[in-house]
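A quick write-up on the structure given underneath.
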There are 2 protein chains.
Amino acid sequence: MTTSLAEENYLKIIYRLCEGTKEDISTNSIAELTNNKAASVTDMLQKLAEKGWVTYQKYQGVRLTKIGESIALSIIRKHRLWEVFLVEKLGYNWDEVHEIAEQLEHIESETLINKLDSFLDFPKIDPHGDPIPSQEGEIPELGYLHLSEVKLNETCTLMGVAKDSAVFLQLLTKLNLSLGARLEVVEINTFDRSVSLKIAEEKPIFISYEVAKNILVKI
Amino acid sequence: MTTSLAEENYLKIIYRLCEGTKEDISTNSIAELTNNKAASVTDMLQKLAEKGWVTYQKYQGVRLTKIGESIALSIIRKHRLWEVFLVEKLGYNWDEVHEIAEQLEHIESETLINKLDSFLDFPKIDPHGDPIPSQEGEIPELGYLHLSEVKLNETCTLMGVAKDSAVFLQLLTKLNLSLGARLEVVEINTFDRSVSLKIAEEKPIFISYEVAKNILVKI
DNA sequence: ATTAATTTTTAGTCTAGTCTAAAAATTAAT
DNA sequence: ATTAATTTTTAGACTAGACTAAAAATTAAT
Ligand SMILES: [Mn+2]
Ligand SMILES: [Mn+2]
Ligand SMILES: [Mn+2]
Ligand SMILES: [Mn+2]
């Protein structure tokens, strides 16, 4: 069966919301992320349920079915592979690629994405450290921690970000925080949970809890 | 001003029809190429005229304005650059890329297409020998002939094709006719205008007028 | 356990882009 | 120059995907 652009965007967002929790997803939370009104979301959920891509009961929320999930994963795979292409081959910065990938992820071709995958040498992660689902929809669980969870005086490696927004990524770049950086937590302020970090023996930098929460690290 | 996918496809087709002739373009000819009904075309022509991209008078046909033409050329530029990418970088054959490029040509980004252009080393022609418009909308007039116009015993070089259809391109491939091939016209049958060709001293092959008409050559 | 607040769904409307059927204009044929 | 054939436009209807306003269901507060 064929998927429209609108349907693909809904499935992708429902996937993101399902990831966190075992609960069913609320209409309002979807409305927020799609920038649509709740009434429009209800309409679409009924269509998606009709097509067998979500399970949905009035007032009780929604979840992806196996098929719905595999559609979402194939779009995420395309999004992330295109982001790798834009950064690795065309020389974009990591904060510039998300919007373009939002368009490219909807290009429909059986062969294209696999040829692209091969051209890029089968990358396992995208420019933001997010794992790239395989053709079969396997997505490795990387088990990263949020930097905000790291204990005082521990050292870790920056593996990814939990947010794609350009302003956030530009801030990280300005602070010299890029994928692979070695970070030592030298101070945690209990008052506002802000953090001081040493990046590879340089003099410490200061980041808010909001920032630390969106940085993914490996111990 | 912003262009929808449907509008872009109409402008591209009107451009193609304008290219040939100085006459205004008929509603029916557009309907045929867009695979829409004439009534739908009339609707769209009124919208395009409203936006200033075509000049249009009821019953009198349509032409692109300067702005309309520059939009069409920017889409054609994108289409052809993506075709080069698909063939040169991803290893597609020339008969496999048109449909994918039909989708990619609508990706909207100021920077993307110029970075792609640079990544591809500023190609001047696409995999079918068609010229790639510059960023400014300049399109070199290549002055090629149709193979059907070449005189008996003359030798020429295959520079391009006048048709993108997969079956046509596959036929050429099967006949060993590819870009750059040296062709000698060794026989022209006046009855059906079919042609016999020597490709680089090999034994002659036979092609119909229909095929010869869609092969572009340089003497 | 009622009432109040919140969330979700329904009902009805809108736009873009398509269609069919019928009317109007143009072009071709007598 | 009429008439006939063809082309083009209008009129009215449909679908996808959005919206607003109002009704219904759920959840929270007394
Ligand atoms: Mn992204
Ligand atoms: Mn990413
Ligand atoms: Mn093409
Ligand atoms: Mn081409």
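Below, chain A is the first sequence line, B the second, and so on; all start at residue 1. Atom set for the values below is all heavy atoms of this structure, side chains included, hydrogens, waters and symmetry mates excluded. Because the structure is a prediction, the values reported are computed rather than measured.
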Rounded off to whole Å, could you give me the [atom1]-to-[atom2] distance for the [X] and [N] pair?
X: B:L48; N: C:dG17; atom1: CG; atom2: C1'; result: 12 Å
X: A:L45; N: C:dT7; atom1: CG; atom2: C1'; result: 13 Å
X: A:K51; N: D:dA16; atom1: NZ; atom2: C1'; result: 10 Å
X: B:I30; N: C:dG17; atom1: CD1; atom2: P; result: 15 Å
X: B:E32; N: D:dT7; atom1: CD; atom2: C1'; result: 13 Å
X: A:L5; N: C:dG17; atom1: CG; atom2: C1'; result: 16 Å
X: A:Y10; N: D:dA16; atom1: OH; atom2: P; result: 14 Å
X: A:D43; N: D:dC19; atom1: CG; atom2: P; result: 10 Å

Using a cut-off of strictly less than 4.0 Å, decide whether [X] has a side-chain nitrogen or oxygen near OP1 or OP2 of [N].
X: B:N36; N: C:dG17; result: no
X: A:T42; N: C:dT9; result: yes
X: A:K47; N: D:dA16; result: no
X: B:N28; N: D:dT8; result: yes
X: B:S4; N: C:dA16; result: no
X: A:Q46; N: C:dT10; result: yes
X: A:K58; N: C:dT8; result: no
X: A:Y59; N: D:dA23; result: no
X: A:Q60; N: D:dA25; result: no

Which part of the nucleic acid, if any, lies within reach of A:T27 when heavy atoms closer than 4.0 Å are counted: base, sugar-phosphate only, or nothing?
-> sugar-phosphate

With heavy atoms under 4.0 Å as the rule, sort B:A6 into base, sugar-phosphate or nothing.
-> sugar-phosphate

Base-pairing assignment for [N] (Watson-Crick or G-U wobble, both under 3.5 Å):
N: C:dG12; result: D:dC19
N: C:dA25; result: D:dT6
N: D:dT30; result: C:dA1

Around A:R16, counting heavy atoms of other residues, nucleotides and ligands shown, do more than 12 lie under 6.0 Å from its CZ?
-> no

Does a sphere of radius 6.0 Å around CD1 in B:I67 hold more than 12 heavy atoms from other residues, nucleotides or ligands, not counting ones at 6.0 Å or beyond?
-> no

Between CD1 on residue A:I215 and CD1 on residue A:I207, distance to nearest 0.5 Å = 4.5 Å

Report the nucleotide, chosen from [options], that has the shortest atom-to-atom distance to any side-chain atom of [X].
X: A:S40; options: D:dG17, D:dT8, D:dA18; answer: D:dA18
X: A:M44; options: D:dG17, C:dA11, C:dT18; answer: D:dG17
X: B:S26; options: D:dT8, C:dT20, D:dC19; answer: D:dT8
X: B:Y56; options: D:dC19, D:dA16, D:dT9; answer: D:dT9

Toward the 5' end of DNA chain C, which comes first, A:A39 or B:N35, by nearest nucleotide?
-> A:A39

Side chains of A:V87 and A:N93: closer than 4.5 Å at any heavy-atom pair?
-> no

Taking the six-membered ring for Trp, are B:H79 and B:H98 ring centroids under 6.0 Å apart?
-> yes

Taking the six-membered ring for Trp, are A:Y15 and A:Y10 ring centroids under 6.0 Å apart?
-> no

Residue closer to the 5' end of DNA chain D, B:Q57 versus A:E7 (nearest nucleotide) = B:Q57

Do NZ/NE/NH1/NH2 and the carboxylate oxygens of A:K66 and A:E69 come within less than 4.0 Å?
-> yes

